[in-house]
Amino acid sequence: MADLKFSFAETFLCSAFAACFAEFCTIPLDTAKVRLQLQKKAVGDEVNLPKYRGLLGTMATIAKEERLSALWKGIVAGLHRQCIYGGLRIGLYEPVKTLLVGADYVGDIPLFQKIIAALLTGALAITVANPTDLVKVRLQAEGKFPAGIARRYYGTLDAYYTIVREEGLAALWTGLGPNIARNAIVNAAELASYDQVKQTILKIPGFSDNVLTHLLAGLGAGFFAVCIGSPIDVVKSRMMGDSGYKNTLDCFIRTLRNEGFLAFYKGFVPNFTRLGSWNVVMFLTLEQAKKAFRGELYYD
């Protein structure tokens, strides 16, 4: 996936740019996913139909009630997150992978070593970036407020300030446990699978290191990531969007008891649509950005 001739700084810059571009392009899908995940199943005598139904329906409802720009809620925090998280997790992947196998290793690196490297870099990166993720989810979770009801946050910087003032500095790391688990696992699914799928495709006669290969590998990375990470992603979104849960286990048990196992795959289609498209855009942009960085941009 990466050229060992690239320094950490070069890879970090290319990765941060690619991640931010992918975030901007796909955040409407992410906003719809968060709203679907936070939507709770009616219990008891409640017969109200769910407000959000499906990916396109959710996006249409948000745009109708809150204006089209609401689909980009949390974009500033999202870009903050991708600069830090995206840059670190990808920038550190090759150095950590090389550290695990040794600088003198020759041949294809085993898949399990790729997975371990991606788990470590994903966990480290999100530990640093958790406050940006928290603010992004809080802003995305806010729907249309009734007349006379004040908003909780009036922007990204105000959200950081308000959370620290009302909940304490440590609150910026709310949901860190499931977030580390989710992002370490998803990072392993994304980077290791992209690395492995691309390596496999390049061994097939007729395939070369071009846009088609990057497209197929990116789709594979997104599919594996959403299948593996969706349950943890739901718990993370609920803990960050709703402060009523005691801890990760409490959120998991209450969700399972009240809504059943399938609740952990709420928003699966928008999640895959978003994560699949995000990976395609990100990896395509990353590969092209690295080529451009070295004056080797191509369009095949």
Side-chain angles (χ1 to χ4, degrees), residues 1-22 81-130 179-204 207-211 213-225 228-229 275 278-298:
M1 179 188 67
D3 187 337
L4 290 177
K5 293 183 292 184
F6 277 79
S7 68
F8 167 74
E10 290 174 329
T11 306
F12 180 90
L13 289 174
C14 291
S15 303
F17 170 75
C20 285
F21 182 70
R81 178 186 186 274
Q82 292 305 336
C83 277
I84 300 171
Y85 175 67
L88 284 177
R89 73 181 181 111
I90 300 173
L92 290 172
Y93 177 64
E94 286 295 331
V96 171
K97 193 169 63 171
T98 301
L99 181 66
L100 290 174
V101 299
D104 299 327
Y105 186 87
V106 178
D108 294 336
I109 295 177
L111 178 59
F112 79 93
Q113 296 281 25
K114 298 174 182 177
I115 293 174
I116 293 174
L119 285 170
L120 291 173
T121 59
L124 175 62
I126 200 59
T127 298
V128 177
N130 196 82
N179 215 11
I180 286 178
R182 184 258 181 192
N183 283 279
I185 292 171
V186 169
N187 193 50
E190 287 179 354
L191 296 189
S193 63
Y194 182 85
D195 207 349
Q196 193 70 23
V197 171
K198 180 181 174 183
Q199 178 182 301
T200 302
I201 291 174
L202 289 176
K203 292 180 180 179
I204 301 174
F207 281 90
S208 61
D209 191 5
N210 57 20
V211 171
T213 297
H214 304 156
L215 174 65
L216 294 175
L219 282 173
F223 178 75
F224 283 114
I228 296 171
L275 205 53
W278 192 95
N279 274 277
V280 168
V281 174
M282 196 282 290
F283 282 116
L284 282 175
T285 305
L286 175 60
E287 298 278 9
Q288 294 290 67
K290 287 164 60 181
K291 294 277 184 180
F293 206 90
R294 291 294 173 85
E296 303 170 356
L297 187 63
Y298 61 96

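As a basis for the values below, the full set of heavy atoms in this structure was taken, side chains included, without hydrogen atoms, waters or symmetry mates. Not measured: the values here are computed from a predicted model.
Expressed to the nearest 0.5 Å, how far CD1 of I201 lies from CD of Q196 amounts to 11.0 Å. If you take CG on L286 and CG on N279, they are separated by 11.0 Å, rounding to the nearest 0.5 Å. Taken to the nearest 0.5 Å, the CZ atom of F283 stands 5.5 Å off from the CD1 atom of I90. Taken from NZ in K290 to CG in L13, the straight-line distance is 13.0 Å, to the nearest 0.5 Å. Rounding to the nearest 0.5 Å places CG of L191 at 5.0 Å from CZ of R89.
A donor-acceptor contact shorter than 3.5 Å is absent between the side chain of S15 and the backbone of G86. No donor-acceptor pair under 3.5 Å is formed between the side chain of Q113 and the backbone N or O of P110. Looking at N179, its side chain never comes within 3.5 Å of a backbone N or O of R182 through a donor-acceptor pair.
When each of T11, D195, T98 is checked for a side-chain hydrogen bond (donor to acceptor under 3.5 Å, both in side chains) with Y93, only D195 meets the rule. The only option from L119, I126, T121, L124 that meets the side-chain contact (heavy atoms from CB on, under 4.5 Å) definition with N187 turns out to be T121.
Across S193 and A221, no two heavy atoms sit closer than the pair OG-CA, 3.1 Å. Nearest heavy-atom pair across A125 and Y85 is CB-CD1, 3.4 Å. Scanning all heavy atoms of the two residues, the minimum distance from A189 to I228 falls at CB-CD1, 4.1 Å. Shown here for T213 and S208, the closest heavy-atom pair between the two residues is OG1-O, 2.6 Å. Minimum heavy-atom separation, C83 to A16: O-CB, 3.9 Å. L202 and D209 make their closest contact through CD2-N, 3.5 Å (heavy atoms, listed as atom of the first residue, atom of the second, distance).
Between E190 and L275, the closest side-chain pair of non-hydrogen atoms falls below 4.5 Å.
Ring-plane geometry between Y194 and H214 is classed as tilted, the angle between the planes lying from 30 to 60 degrees on a 0 to 90 degree scale. Using cut-offs of 30° and 60° for the angle between ring planes, the F8 and F12 rings count as tilted.
By the side chain to side chain donor-acceptor pair (under 3.5 Å) test, R81 pairs with D133, N183, sequence neighbours left out. Annotation: side chain to side chain donor-acceptor pair (under 3.5 Å) contacts of T285 (sequence neighbours excluded): none.
The salt bridge (Lys or Arg N to Asp or Glu O under 4.0 Å) analysis of residues 108-118, with sequence neighbours excluded, yields the pairs D108-K203.
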